[in-house]
J.: 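Handing you a structure now.
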Amino acid sequence: MFETVITLEQFLQASIDTLYMVGMSLLIGSLVGIPLGIALVVTRPGGILENKIFYSILNPLINIVRSLPFIILMVAIIPFTRMIVGTSIGTNAAIVPLIIFISPFIARLVENSLLEVNPGIIEAAESMGATPFQIIWHFLLPEAFGSLILSITTATIGLIGATAMAGTVGGGGVGDLAIVYGYQRFDTFAMVTTVIILVIFVQIIQSTGNALARKARKE
Amino acid sequence: MFETVITLEQFLQASIDTLYMVGMSLLIGSLVGIPLGIALVVTRPGGILENKIFYSILNPLINIVRSLPFIILMVAIIPFTRMIVGTSIGTNAAIVPLIIFISPFIARLVENSLLEVNPGIIEAAESMGATPFQIIWHFLLPEAFGSLILSITTATIGLIGATAMAGTVGGGGVGDLAIVYGYQRFDTFAMVTTVIILVIFVQIIQSTGNALARKARKE
Amino acid sequence: MIEMKSVYKTYKRKDVTTEALKGIDLKVEEGDIFGVIGYSGAGKSTLVRLVNYLERPTDGEVIVDGQVLNHLSDSQLRAMKKQIGMIFQHFNLLESKTIFDNVAIPLVLAKKPKEEIKQRVMELLDFVGLREKAKSYPRELSGGQKQRVGIARALASNPKILLCDEATSALDPQTTQSILQLLKRVNQEYNITIMIITHEMSVIQEVCNRVAVMEAGEIIEEGSVLDVFGHPKHPTTKNFVKTVIHNSIPESVKRSLKKTGDSKVFRVEVKGEVASEPIVHQVMKAHDIEVNILFANMTEIQETTLVIMYLQIAGEASAIEKAVQFLKDKGAGVEEVVK
Amino acid sequence: MIEMKSVYKTYKRKDVTTEALKGIDLKVEEGDIFGVIGYSGAGKSTLVRLVNYLERPTDGEVIVDGQVLNHLSDSQLRAMKKQIGMIFQHFNLLESKTIFDNVAIPLVLAKKPKEEIKQRVMELLDFVGLREKAKSYPRELSGGQKQRVGIARALASNPKILLCDEATSALDPQTTQSILQLLKRVNQEYNITIMIITHEMSVIQEVCNRVAVMEAGEIIEEGSVLDVFGHPKHPTTKNFVKTVIHNSIPESVKRSLKKTGDSKVFRVEVKGEVASEPIVHQVMKAHDIEVNILFANMTEIQETTLVIMYLQIAGEASAIEKAVQFLKDKGAGVEEVVK
Amino acid sequence: NEESQGDSGEEKKDLVFGFGVGTYEEQFRNGILPILEEKGYNVEIKVFSQNMQVNPAMAEGAIDASVFQSTAYMEGINEELGIKMVRLAFSPGAPQSLRSVNHDSLDAVQDGSTVAVPNDPVNQERAVRILEDLGWVNVADGAGTTDFNLNSVTPAAYDVKFQVLDPAQILVSLKDVDFGVVNGNYIADAGMKISDALKIENTPEEHRIIVSILEEDLNTQWAKDVKEAYESPEFEEYILSQEKYDGFILPEAWENN
Ligand SMILES: Nc1ncnc2c1ncn2[C@@H]1O[C@H](COP(=O)(O)OP(=O)(O)OP(=O)(O)O)[C@@H](O)[C@H]1O
Ligand SMILES: Nc1ncnc2c1ncn2[C@@H]1O[C@H](COP(=O)(O)OP(=O)(O)OP(=O)(O)O)[C@@H](O)[C@H]1O
Ligand SMILES: [Mg+2]
Ligand SMILES: [Mg+2]
């Protein structure tokens with residue numbers, strides 16, 4: 001019924017590429033974004049490590065990165081990418097802009113989650129003489145955990161959308177397959193199949209996220 | 001120093017286009033996404049209008065839409081777009097996929113914000129015999145207001161990134177200018193200028209969002 | 001007005017099961033001010049939360065105003081809940097709304113006209129002494145102030161039933177007094193049925209006409225306040241009653257108690273009119289005995305005076321016997337206390 | 001141990017200004033159990049929150065353990081706070097952690113070994129009667145149970161100073177008793193300084209040696225508990241003392257009071273050893289008068305007995321006068337009450 | 001991708017080919033790859049969804065050869081990136097065509113007619129040249145290729161309105177414009193015939209699709225083998241056998257086959 005030029009192998013490779021790109025950039029993006037989000041919360045006016053200067057640099061910086069369309073971002077940082085992974089094309093090269101794209105996004109979501117923590121909890125922590133690090137680790141993060149998981153889930157799904165653009169630098173992946181074959185070549189079968197794969201990915205991620213969040217909320 | 005082929009008029013037009021696209025799709029996207037987010041929260045297991053069937057349809061549906069790369073989404077709904085605005089190209093045509101792109105995103109952010117509302121508040125509402133609508137309107141939304149504003153801010157900035165893709169269907173806008181001139185025609189001046197404009201936009205949006213959220217949190 | 005028939009409530013989570021209520025039978029009549037006391041964790045809050053169906057019973061029936069809650073539709077339940085005001089143990093105020101708006105909420109939900117709302121809310125805030133906090137937010141209030149906002153909110157819509165879960169626990173005695181007086185007033189003027197959960201016996205003593213004592217999910221004693229306070233049966237009840245009716249001899253008195261060979265100690269309880277007669281004087285004048293008041297306490301319950309005394313009576317055995325008979329004839333309850 | 005020098009605290013938001021504290025001077029000695037009472041909103045919580053610097057004074061100095069808090073660096077402040085346990089009015093438990101983990105937190109922060117933590121936490125949970133709730137989460141506890149978790153948490157790290165903001169407000173009298181006994185014990189055994197905010201006079205009566213009464217941001221009376229309770233000066237203090245030392249004639253007795261021409265009513269206060277003597281008997285035997293005990297109350301404060309009686313004495317004027325003198329000679333305080 | 005390259009002394013057998021948008025990757029996979037594999041080459045195929053990214057990749061040494069661009073574009077990029085790429089061979093390329101679903105003939109054009117053109121500079125220039133040929137517009141001298149833009153276009157016979165779109169979008173959006181210039185590869189992929197157009201581009205040599213490599217590789221054995229494969233009768237046979245390549249501009253070298 002459908003005709004396609006994509007081979008099964010290409011599908012497999014694309015799936016692996018997507019998982020690899022999403023996984024790596026989520027991992028590193030979280031390692032960057034979560035601390036940034038925490039930094040936003042603790043240094044903001046009234047925060048436990050209030051720091052006007054730091055906050056008024058970090059806050060707009062995050063905005064600047066967030067305001068760049070992904071493709072522009074990708075091009076703008078090519079020299080940086082090359083410095084890090086030695087090349088500006090391929091899956092590894094795609095991960096660099098993906099990280100830079102997702103980190104500030106995660107930072108904002110984390111900020112929003114942490115701001116919802118009951119101020120009384122922070123007071124309790126302060127009354128115990130907890131250091132700022134301890135406040136973050138033993139109080140803020142556990143209390144916001146359910147919300148944080150949902151935030152990371154949202155970020156992950158956003159990341160899947162962004163990996164589609166990764167094809168631009170030859171990153172491959174399912175989204176790229178959808179664009180190159182489905183969009184550019186009107187290959188309906190490729191389009192439908194890739195979309196189904198993406199839906200399955202997203203579904204798995206969201207269900208896992210929801211389940212974890214539910215558990216974290218002790219429901 | 002810099003050479004550019006873009007005219008001031010083009011910049012102005014692009015700015016207007018971006019504002020128009022972001023504004024319209026944010027407005028309509030919120031009108032769609034916020035109710036969807038509320039629906040997710042109230043129909044989920046344990047919610048005030050628990051409804052297994054509805055939830056287990058809505059939840060994956062939102063995921064499906066979120067999993068589509070924007071460009072694929074845009075092409076997939078061309079017939080729908082044409083039905084709504086009479087054409088598949090131009091600024092108005094770009095708004096349709098932008099709305100479909102941003103609504104489920106807003107829905108997820110809203111869901112996360114609303115889940116953070118203290119369950120005791122819902123109990124108080126129920127004890128007063130408030131209808132589900134009243135619970136949402138008089139209790140859930142006001143209590144989550146600060147967080148909701150930050151969520152909408154995050155969504156708005158995501159939208160600015162997405163409008164860059166609107167050029168694909170002739171939507172115009174600052175992001176498109178950055179891609180078409182800055183990226184494809186190596187027009188550094190155009191690139192820098194457009195990025196500056198974007199940064200200013202994002203900065204204004206984020207500051208406004210932060211200020212409103214702060215106010216909503218009664219700090 | 002409120003009835004529970006063998007109500008059970010069990011909380012389950014993974015392997016942890018908590019039986020919060022184990023077969024509660026209860027009847028609160030219209031116009032009652034019904035007190036519920038019990039140790040922390042006894043199930044008091046759970047009990048009261050069943051009445052407005054915030055919690056569903058695991059088993060058994062909850063009947064309010066003649067209607068079995070289990071059988072009501074959602075909208076019938078809502079209509080029922082509108083008749084029931086609730087003061088929460090943890091206040092549950094909206095952080096995002098001013099004090100004024102918090103108190104106004106039940107009226108807004110009932111779609112009352114703005115002018116009426118304003119007037120009613122200011123009246124209530126005046127009453128709880130928070131008029132000048134109308135524009136503040138809950139986070140700017142002290143603990144007791146928050147509790148008072150909760151009280152004002154529960155009263156706003158003139159409910160037919162009022163459920164108070166530790167409504168005065170964060171309040172000083174004076175404020176508690178004025179709140180209790182208000183409850184008494186609304187009870188009398190509007191015939192509102194009130195259920196009061198508390199751990200302060202003095203609250204029950206002050207306003208309740210009936211009381212139930214809970215322990216570990218069960219009601220272990222129930223009855224009119226005068227009966228339960230006068231003759232507590234269960235040890236737990238005795239413990240509670242002790243806190244308001246100091247009917248044990250202070251340790252220091254006990255220590256210095258002279259153990260003269262022929263003196264005996266009696267617990268004498270006098271109720272009502274007799275309490276104002278000089279019976280100690282009378283018994284002393286009429287008999288050849290020496291009386292030492294080891295301990296004396298007068299309490300007012302439901303506007304009746306209850307006197308409990310520990311008298312050390314010295315004298316000849318026959319004289320003491322006669323004195324005791326004299327007291328009994330006067331209507332006093334007399335029991336010898338074994339030293 | 002704790003000292004405040006003309007401390008002011010003002011909250012400002014837009015046009016609303018609240019002067020929570022207006023020039024507080026206060027000194028709590030090492031080993032004191034210092035009580036603070038006052039009406040709701042008087043500034044008690046604010047006061048105690050200044051001691052561990054959760055709130056900064058708008059003006060004035062807070063000195064803890066000889067160190068002016070305003071001058072300490074962040075890390076010095078943290079070290080100081082580690083010495084100060086705090087029980088919060090609103091508990092402030094972590095919803096995401098089990099009861100065990102909530103109590104363990106101060107020990108985890110202090111990097112104690114796991115085994116030690118486990119042992120100490122179970123010991124504390126045992127004490128507050130929540131051993132079987134170790135694996136539950138705060139939302140599964142009753143109000144009083146949450147409060148007990150807060151108490152256990154504050155005690156976990158053996159602080160040198162303990163701040164209790166309404167630590168027993170949600171507890172029944174028995175549990176309150178056992179908590180207060182514990183506080184007394186830690187105070188005596190480890191010489192811990194304790195500051196107790198409460199609106200329950202009975203709590204102060206039970207454990208405090210010194211008390212301050214606050215009203216509208218000011219300390220209106222301060223001193224040893226026996227002094228303040230025995231001779232309250234300020235009307236507010238009198239109001240508070242009234243709640244534990246029932247020293248007014250019950251309404252019902254007043255009503256039925258026989259207004260015989262030659263009878264007089266006296267308020268008689270007896271303290272210490274004398275309280276266990278049969279002075280009413282003695283006065284009656286020795287004089288030709290008729291004595292009716294209108295009201296009698298014995299209270300134990302700091303292990304001393306305080307007796308307050310209202311005696312109606314009938315007889316000839318001279319006989320009454322002699323009787324009064326007799327009582328005064330015995331060391332009692334006697335005042336005539338104008339009917 | 002880290003193979004050493006340009007080392008003419010040794011026999012290089014591992015090649016990386018970069019492709020952009022178009023049918024060239026498919027042509028290569030089915031028509032060229034078997035020939036190269038026969039000769040013992042191990043070829044990796046990289047497809048870029050954005051043509052823009054192919055040349056930087058070559059400049060970086062990540063790919064050895066690319067098939068996606070025209071001579072004119074390559075020369076423009078040589079200047080932009082400061083590298084030296086050269087044409088190795090011509091690839092069968094599809095001409096652009098002016099199409100319409102709303103009109104049957106070019107006569108329908110009038111002032112205010114909308115014409116959809118690609119947004120990237122090279123395809124945009126080609127598209128505008130078709131209109132220039134028709135006399136609808138004028139193009140300023142020195143309009144450029146790699147930085148071509150519509151500011152250098154002025155109305156001639158008609159004052160048409162341009163609608164700038166993503167190239168892939170034009171075919172699906174034809175309903176919404178009067179005319180549209182569609183790149184040939186999309187016609188091929190959509191299973192349509194190039195010859196059905198209202199006007200087909202008379203593609204000048206500088207706009208025909210080429211196999212480009214770095215100049216320094218020009219004399220390597222692999223380059224020679226690739227050139228040979230593109231000019232081979234086997235490849236020609238394959239292309240001619242496929243209906244979808246009807247109307248493509250074929251390499252002149254084939255005339256010698
Ligand atoms: N964050 C704040 N912003 C504004 N006003 C405040 C704030 N915190 C407390 N207040 C005000 O300061 C006064 C003293 O409050 P505080 O909490 O110290 O009272 P309290 O004596 O502890 O009362 P309670 O017995 O009811 O707990 C109150 O009038 C309160 O409204
Ligand atoms: N949601 C819940 N999940 C599990 N157990 C619960 C839950 N709510 C209450 N319980 C348990 O049920 C028992 C009764 O709780 P309840 O709140 O009714 O006590 P209470 O009498 O109101 O006590 P307090 O005077 O301390 O407020 C307690 O042991 C408590 O731990
Ligand atoms: Mg309770
Ligand atoms: Mg307080």
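Throughout, a chain's letter reflects where its sequence line sits, starting with A, and its residues are numbered from 1.
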J.: How would you list, in number order, the residues of residues 198-212 of chain E that have a heavy atom less than 4.5 Å from chain B?
T.: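 The residues closer than 4.5 Å to chain B amount to none at all.
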
J.: Would you say L12(B) has more than 12 foreign heavy atoms packed within less than 6.0 Å of its CG?
T.: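 More than 12 heavy atoms, drawn from other residues, nucleotides or ligands, come within 6.0 Å of this atom.
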
J.: Select one option (side chain, backbone, both, neither) describing which atoms of L174(E) are under 4.5 Å from chain B's heavy atoms.
T.: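 Contact with chain B is absent: no heavy atom of L174(E) under 4.5 Å.
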
J.: Inspect the surroundings of CG in D111(E) and state if more than 12 heavy atoms from other residues, nucleotides or ligands are less than 6.0 Å away.
T.: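 Atom CG in D111(E) is crowded, with more than 12 foreign heavy atoms closer than 6.0 Å.
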
J.: Report which part of V164(E) has an atom under 4.5 Å of a heavy atom belonging to chain B: side chain, backbone, both, or neither.
T.: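 Backbone only.
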
J.: Step through the atoms of chain E and chain B and list each donor-acceptor pair whose separation is under 3.5 Å.
T.:
residue : atom : partner : partner atom : Å
Q50(E)  : OE1  : Y183(B) : OH           : 3.3
Q53(E)  : NE2  : Y183(B) : OH           : 3.0
N119(E) : O    : R185(B) : NH1          : 3.1
N119(E) : O    : R185(B) : NH2          : 3.1
Q124(E) : OE1  : R185(B) : NH2          : 2.8
F148(E) : O    : R185(B) : NE           : 2.3
F148(E) : O    : R185(B) : NH2          : 3.1
N151(E) : ND2  : V5(B)   : O            : 2.6
D166(E) : N    : T168(B) : O            : 3.0
V172(E) : O    : R82(B)  : NH2          : 3.0
S173(E) : OG   : S88(B)  : OG           : 3.1
D176(E) : OD1  : R82(B)  : NE           : 3.1
D176(E) : OD2  : R82(B)  : NE           : 3.2
D176(E) : OD2  : R82(B)  : NH2          : 3.2
D176(E) : OD2  : S88(B)  : N            : 2.9
D176(E) : OD2  : S88(B)  : OG           : 2.3

J.: Please state whether the side chain, the backbone, both or neither of I78(B) comes within less than 4.5 Å of a heavy atom of chain E.
T.: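 Only the side chain of I78(B) comes within 4.5 Å of chain E.
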
J.: By ring-ring contact (aromatic ring centres under 6.0 Å, His included), which residues pair with F145(B), not counting sequence neighbours?
T.: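 Expected list: none.
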
J.: Tell me the ring pair (Phe, Tyr, Trp, His ring centres under 6.0 Å) pairs involving residues 162-185 of chain E, sequence neighbours left out?
T.: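 Non-adjacent pairs meeting ring pair (Phe, Tyr, Trp, His ring centres under 6.0 Å): H103(E)-F179(E), W136(E)-F179(E).
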
